[in-house]
Structures are given as structure tokens and as C-alpha cells.
There are 2 protein chains.
Amino acid sequence: MTYSDKLISYYKTIANDCVLGVSLDCVIFGFHDTRLKVLLLRWKDTNEWCLPGGFIYKTESVDDAAGRVLYERTGLNKLFLQQFHLFGEANRYDREDTWQRQKMPMPFSGSWPDRTISMGYYALVDYTKVTPTADFLSDACGWFDVGELPSLLYDHCRIIHVALQTLRLQLNWQPIGLNLMPEKFTIPELQRLYEAVLGRPLDSRNFHKKITGLSILTRLDERRTGRAHKSPYLYQFDLSNYQRALVNGNLIFV
Amino acid sequence: MTYSDKLISYYKTIANDCVLGVSLDCVIFGFHDTRLKVLLLRWKDTNEWCLPGGFIYKTESVDDAAGRVLYERTGLNKLFLQQFHLFGEANRYDREDTWQRQKMPMPFSGSWPDRTISMGYYALVDYTKVTPTADFLSDACGWFDVGELPSLLYDHCRIIHVALQTLRLQLNWQPIGLNLMPEKFTIPELQRLYEAVLGRPLDSRNFHKKITGLSILTRLDERRTGRAHKSPYLYQFDLSNYQRALVNGNLIFV
DNA sequence: CTTTCTTTATGTTAATCGTACACATAGAGA
DNA sequence: TCTCTATGTGTACGATTAACATAAAGAAAG
């Protein structure tokens with residue numbers, strides 16, 4: 001059985017078990033080395049990358065399907081995961097061109113609906129806890145700097161762009177970091193995250209005042225030592241206050 | 001041909017021409033007599049109401065489909081219309097119960113997919129310019145106070161609730177009113193809109209200061225006369241500044 | 001051991017914003 | 001002409017923000 005045959009049989013299974021005409025794409029954000037990262041998959045036997053995505057089983061809620069995709073690609077569960085946009089244009093991307101870049105076998109074209117609308121989700125995950133895992137259609141899975149994306153299939157470049165825009169807006173009235181930072185972190189490290197998402201530097205003195213004023217952080221008795229200069233305190237998120245801030249939408253606007 | 005036959009044939013046409021398994025529901029907000037209103041349809045020959053909704057033609061974008069539904073029900077075009085949530089639970093509502101309340105003919109059940117996910121849109125329209133128009137499935141179309149909704153089919157009660165929540169959030173960083181108010185209006189009238197959406201009274205003196213400070217309003221030389229007491233000035237929205245405020249997301253937070 | 005250098009932690013100040021409240025004004029009705 | 005009340009404008013005060021200053025910590029260099 002050739003790869004081409006496998007592919008067609010795979011899509012036939014999907015067509016049988018899943019809701020037809022609707023897919024979902026997950027923009028999975030991580031944070032590492034002062035940079036905001038996105039998790040991407042490389043389409044098998046090509047140099048083309050795409051977002052982790054999938055289809056919705058007939059008895060499964062769309063949100064659950066997104067959680068499943070996230071789990072399958074990262075090994076993580078129960079994370080911050082949110083709908084952000086439905087991509088529903090009739091011609092979201094150049095189909096011929098995309099199939100060619102994917103090296104899609106041509107008998108394929110008959111066995112698939114003419115268009116697919118896609119629900120976009122974005123997730124915030126702890127980079128250090130993720131085990132990037134490729135799927136049936138891909139031969140690599142890895143992180144990319146949001147500023148240095150590779151060649152992307154479909155309309156995934158736009159999807160990432162819209163996700164980032166949404167994330168930036170969200171920053172104005174909800175805290176982030178709970179799922180992006182490791183369990184213990186310093187305030188300057190958290191500031192790097194905010195700077196990476198907003199794409200501009202922040203005043204460290206005002207940031208410190210602001211973020212501690214939200215009472216979503218608990219200062220530990222430990223410090224991060226070993227580096228030159230004054231050792232910063234380590235912090236943890238105060239889960240209950242963090243949740244309250246998420247729901248109430250305290251203005252942050254760093 | 002009985003109504004029952006017509007209904008089945010109607011849904012067969014839909015199944016043929018439209019994307020299967022995906023629908024859309026529009027929460028159309030209007031404003032009248034100090035109250036926020038929602039446009040609802042009454043299901044033919046029942047006392048059950050529902051949101052205007054529809055399906056997506058195979059060659060039509062989802063956003064365009066929402067615009068079409070809005071136009072068909074209100075006669076209005078090119079309005080503020082926005083996605084707000086995908087309702088994708090596998091069992092969004094009690095199907096048996098709903099069909100019974102709809103007096104749905106039972107041969108129907110075989111000719112329709114097991115589940116439908118629905119994209120929620122909300123629109124802001126000028127109450128005075130709307131001609132509520134019933135569709136094939138309904139025998140009445142009218143406005144309801146968001147606080148006094150009738151018996152609703154499907155999960156439309158929840159959909160309205162989520163739409164209202166989204167609208168309230170949006171109020172914190174975007175102006176509203178351009179499509180909800182008539183062309184000329186007074187500041188106290190605009191204040192009534194904000195109060196209706198937020199569900200709480202505002203201080204008229206501070207509201208006046210705040211709203212004029214955004215420079216999205218142009219004061220006309222006319223006043224609204226005929227009523228008792230001091231005649232208030234009439235205002236218009238300054239379109240270019242209004243658009244800028246929409247895009248930039250100036251904090252408003254009344 | 002002392003000095004230097006740099007990052008972290010905390011503090012200060014002036015400007016701005018939000019909230020609460022006071023008051024003069026206009027216009028219809030008594 | 002007086003009254004009543006919604007409207008338009010203004011003021012005062014506390015809270016918040018943005019910009020800038022300084023002290024403390026800790027490793028490296030002399």
C-alpha cells in the first residue's frame with residue numbers, strides 16, 4: 001500500500017467518522033528564550049508547514065475536538081484553549097497550488113468536499129512541558145518564532161496573524177502567563193513574555209508595580225541564583241485570584 | 001401540497017444547495033424606547049420563537065451568508081455584523097422536545113444530519129429603519145426586550161445571552177451606536193443606549209464629558225424641541241473618527 | 001578585599017483620568 | 001411670571017498612569 005493509497009484511505013475514514021466540511025486549526029503558542037513561538041507540522045515529504053488541525057467526530061463537541069488535537073500534538077491537557085475566529089470564505093486559499101505543494105495524489109480530488117470552513121482556536125502552553133508529536137500527515141513537528149515563519153500551506157499564515165491579534169487584544173483585560181510560563185518564574189521573565197506578545201519593550205519598574213498590584217502572584221522565599229547580578233525572587237501564580245481576574249476581566253493594559 | 005410536504009421539500013433543497021451540518025444564527029440588536037431589543041421569528045403555527053438564521057450556500061462565504069440573513073429579515077445592508085461564538089456541542093438542545101414544540105412532521109427526521117453546529121453572529125441595527133420580515137418557516141417577526149424574551153426554540157436563549165455578554169465586553173474598548181441610533185440623536189438618547197446595554201444607570205454629566213471627549217460626535221446647530229424642559233442639541237457621528245475608534249480600540253469603559 | 005558593573009527591587013513625582021457632586025440654563029406648562 | 005425638570009458646563013478630590021531616580025544584591029575584575 002503506497003503512501004498515496006494510505007492518504008486516500010485516511011481521508012475516507014475521516015469522511016465517514018467526522019462532520020464533513022468543517023475542520024479546526026489550532027494556533028499553539030509557547031514562550032522560550034524571550035520569543036513567542038508557534039507549533040507547526042511539516043507535511044510529509046515536503047518542505048511545507050502547517051498548523052496542527054483536525055476534524056470533529058460525529059458525536060464530539062467542537063471544543064472537545066480542539067482539546068483532542070492539542071493533546072495529540074503536545075501531550076498536554078486541560079489548557080487555556082479558546083475559539084477566536086471562523087475562517088469561512090468560499091475560497092480560503094488557492095486549492096490547486098496548495099495540493100501541488102502538498103504533493104497530493106490526484107485521485108484525491110474526487111473524494112473530498114469542494115470547500116472546508118475552519119474554526120480557529122488558540123492555545124497557550126508551557127514550552128518546557130511539550131513533547132511535539134507529528135501526526136499521520138506530517139514528518140516533523142516543531143516550534144517557530146512568530147516573527148520567522150516558514151512557508152505555510154493553506155491560509156495558515158493569516159490564521160496565525162489573526163490569532164496573534166486576538167491574543168494582543170486579550171492582554172488588555174485578562175492576565176496571561178499561567179499556561180505559558182513554567183511553574184516558578186521571576187517577574188522580569190514574565191515581563192519578557194508580555195514584551196514578546198505585545199512586540200514592544202515595557203518599563204520594568206511600572207510592570208513590576210502593575211503585575212504585583214493585581215495580586216495574581218505569590219512571592220516564594222527562593223531566588224533565582226547562579227547568574228551575575230542581583231538574584232530575583234521566584235513567583236508562582238495564585239490560581240484562585242488568577243481565575244478571578246480571567247473571569248472578571250480586570251483591566252491590565254500594560 | 002401540505003405544509004408538511006413543503007417543509008420537507010424545503011429542507012431537501014437546503015441540503016442540496018448548502019453546506020451541510022453548519023448553520024448560522026443572527027442576534028439582531030435594536031434600540032427603542034430606552035430598551036435593548038432582539039429581533040425574533042415565530043415558528044409557523046406555534047407559539048415558539050427563534051433567532052433569524054440560515055444556511056450557507058456552497059459558493060458563499062459564511063460572513064456573506066450572515067449578511068444575507070440580516071438583509072432578508074430587516075431589509076438592511078452593510079451593517080455592523082460580527083462573529084461571536086461557534087456553538088458546537090454535539091447535543092446543543094433536546095432534539096425530540098424541540099421538534100415536538102415545532103410541530104415538525106415526523107418523516108422529517110430521516111432527511112437531516114444528526115447534528116448541526118451553528119455560528120453565532122450579532123448585529124447592531126437602527127430600529128426605526130427595520131422592516132421585520134418573516135421567512136418561509138415563520139409567520140411573525142418582531143422585536144423583544146432582551147429582558148422579556150418569549151419561549152425560545154433550540155439553544156437560542158443561550159445564544160442571545162452570549163451575544164449580550166460579548167456586546168457588553170465590546171463596549172469597554174469600542175464605541176457603539178453608529179448602527180443602533182438614528183442618524184441624528186441627542187447625547188441623553190445615546191446615554192439611554194449605553195444604559196440599556198450595560199443594564200445600569202450612568203451619570204449624565206460624566207457620560208457627556210466622556211462621549212464628547214472621544215471626538216466621535218459632531219454637534220449640529222439643531223436642537224430637539226417640542227418636549228418640556230431644555231432642548232438638547234442634536235448630534236451626528238463623525239464617521240472617520242468613529243471608524244478610527246473602532247479599529248484602534250480606544251478604551252471607553254463607561 | 002575592594003571596586004565595578006549590571007540587574008533587580010522599591011520609591012517619587014507630575015500629569016491624567018474617573019467619580020461624585022454643584023449650579024446655571026433653557027423651555028414648556030401652570 | 002413662576003415653577004419644574006432635563007440639559008449643559010464646571011469643580012474638587014482621590015486613584016491611576018507614565019516617566020524618572022535611587023538603593024540593594026551579587027558576580028566578576030582588579
Side-chain angles (χ1 to χ4, degrees), chain A residues 33-34 171-175 177 181-182 184-196 198 200-236 245 248-254, chain B residues 33-34 168 171-175 177 181-182 184-196 198-236 245 248-254:
Chain A
D33 194 23
T34 80
L171 220 55
N172 291 338
W173 53 279
Q174 285 186 335
M181 301 297 290
K184 298 173 181 183
F185 53 89
T186 70
I187 289 187
E189 282 162 8
L190 184 60
Q191 185 183 332
R192 302 291 163 266
L193 168 63
Y194 273 79
E195 289 174 334
L198 291 170
R200 61 184 167 90
L202 300 171
D203 183 290
S204 63
R205 300 161 288 193
N206 292 333
F207 182 81
H208 194 286
K209 227 183 316 176
K210 187 83 189 181
I211 207 81
T212 53
L214 292 172
S215 60
I216 57 171
L217 295 179
T218 312
R219 188 162 91 171
L220 305 175
D221 283 334
E222 300 171 71
R223 287 153 174 268
R224 177 157 338 274
T225 54
R227 306 180 183 213
H229 321 308
K230 181 172 178 176
S231 313
Y233 284 100
L234 285 171
Y235 287 80
Q236 271 183 331
N248 294 352
N250 291 329
L251 256 298
I252 296 182
F253 220 68
V254 186
Chain B
D33 193 23
T34 79
R168 282 186 179 152
L171 217 56
N172 291 337
W173 54 278
Q174 285 186 336
M181 301 297 291
K184 298 174 179 182
F185 52 89
T186 70
I187 289 187
E189 283 161 9
L190 185 59
Q191 185 182 332
R192 302 293 163 264
L193 168 63
Y194 273 79
E195 289 174 332
L198 290 170
R200 62 185 166 90
L202 300 170
D203 184 289
S204 63
R205 300 160 287 193
N206 292 333
F207 182 80
H208 194 289
K209 221 185 321 173
K210 188 80 189 184
I211 207 80
T212 52
L214 293 172
S215 61
I216 57 170
L217 295 179
T218 313
R219 189 163 92 171
L220 305 176
D221 283 333
E222 300 170 69
R223 288 154 175 267
R224 179 159 332 279
T225 53
R227 307 184 184 210
H229 320 309
K230 180 171 180 176
S231 312
Y233 285 100
L234 286 171
Y235 286 80
Q236 272 183 330
N248 294 352
N250 291 330
L251 257 296
I252 296 182
F253 220 68
V254 186

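For clarity, every value in this text was computed on a predicted model and none was experimentally measured. Chain A is the first sequence line, chain B the second, and so forth, proteins listed ahead of strands; every chain is numbered from 1. Only heavy atoms go into these numbers, but all of them, side chains included; no hydrogens, no water, no symmetry mates.
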So which protein N/O to nucleotides 11-16 of chain C N/O distances come out below 3.5 Å?
from   : atom 1 : to     : atom 2 : distance (Å)
C/dT12 : O4     : A/K209 : NZ     : 3.0

Identify each atom pair where a protein N or O and an N or O of nucleotides 24-30 of chain C are less than 3.5 Å apart, giving names and distance.
from   : atom 1 : to     : atom 2 : distance (Å)
C/dG27 : O4'    : B/H229 : O      : 3.4
C/dG27 : N2     : B/H229 : ND1    : 3.4

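Across the protein-nucleic acid pair, A/F185 atom CZ and C/dT8 atom C1' stand 16 Å apart, rounded to whole Å. Distance CG (A/L190) to P (C/dA9): 12 Å, rounded to an integer number of Å. The distance between atom NE2 of A/H208 and atom C1' of D/dA24, rounded to the nearest whole Å, is 13 Å. Rounded to whole angstrom, the span from the CZ atom of A/R224 across to the C1' atom of C/dT8 amounts to 13 Å. Rounded to whole Å, atom C1' of D/dT9 lies 11 Å from atom OH of B/Y233. In this entry the distance linking CZ of B/F207 with P of C/dC17 reads 18 Å, nearest Å. If you measure from atom CD1 of A/I211 to atom P of C/dA9, you get 14 Å, rounded to the nearest angstrom. Rounded to an integer number of Å, the gap from CG of B/L220 to P of D/dG8 is 12 Å.
Legend: residues meeting salt bridge (Lys or Arg N to Asp or Glu O under 4.0 Å) with A/R205, ordered by chain and number and at least two apart, are A/D203. Residues satisfying the side chain to side chain contact (heavy atoms under 4.5 Å, CB included) criterion with B/P188, sequence neighbours excluded, are B/T186, B/R192. Scored by the side chain to side chain contact (heavy atoms under 4.5 Å, CB included) test, A/P182 finds A/D126 as partners (sequence neighbours excluded). Residues satisfying the salt bridge (Lys or Arg N to Asp or Glu O under 4.0 Å) criterion with B/R224, sequence neighbours excluded, are B/E189. With sequence neighbours left out, the side chain to side chain contact (heavy atoms under 4.5 Å, CB included) criterion links B/K184 to B/L220, B/E222, B/L234, B/Q236.
Within the helix from C/dC1-D/dG30 to C/dA30-D/dT1, the inter-axis angle between the opening and closing five-pair segments is 10°, rounded to 10°.
Closest non-hydrogen pair, A/L193 versus A/M181, comes out as CD2-SD, 3.9 Å.
Regarding contacts with the backbone of C/dT8, every side-chain N or O of A/R219 stays at 4.0 angstrom or more from both OP1 and OP2.
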Identify each donor-acceptor pair in which a side-chain atom of residues 211-218 of chain B lies under 3.5 Å from a protein atom, sequence neighbours left out, and give them as a table.
from   : atom 1 : to     : atom 2 : distance (Å)
B/T212 : OG1    : B/H208 : O      : 2.7
B/T212 : OG1    : B/K209 : O      : 3.1

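In this structure, A/L202 CG and A/L190 CG are separated by 10.0 Å, a value rounded to the nearest 0.5 Å.
Sorted by first then second residue, the side chain to side chain donor-acceptor pair (under 3.5 Å) pairs that include residues 226-235 of chain B, not counting sequence neighbours, are B/R223-B/Y233.
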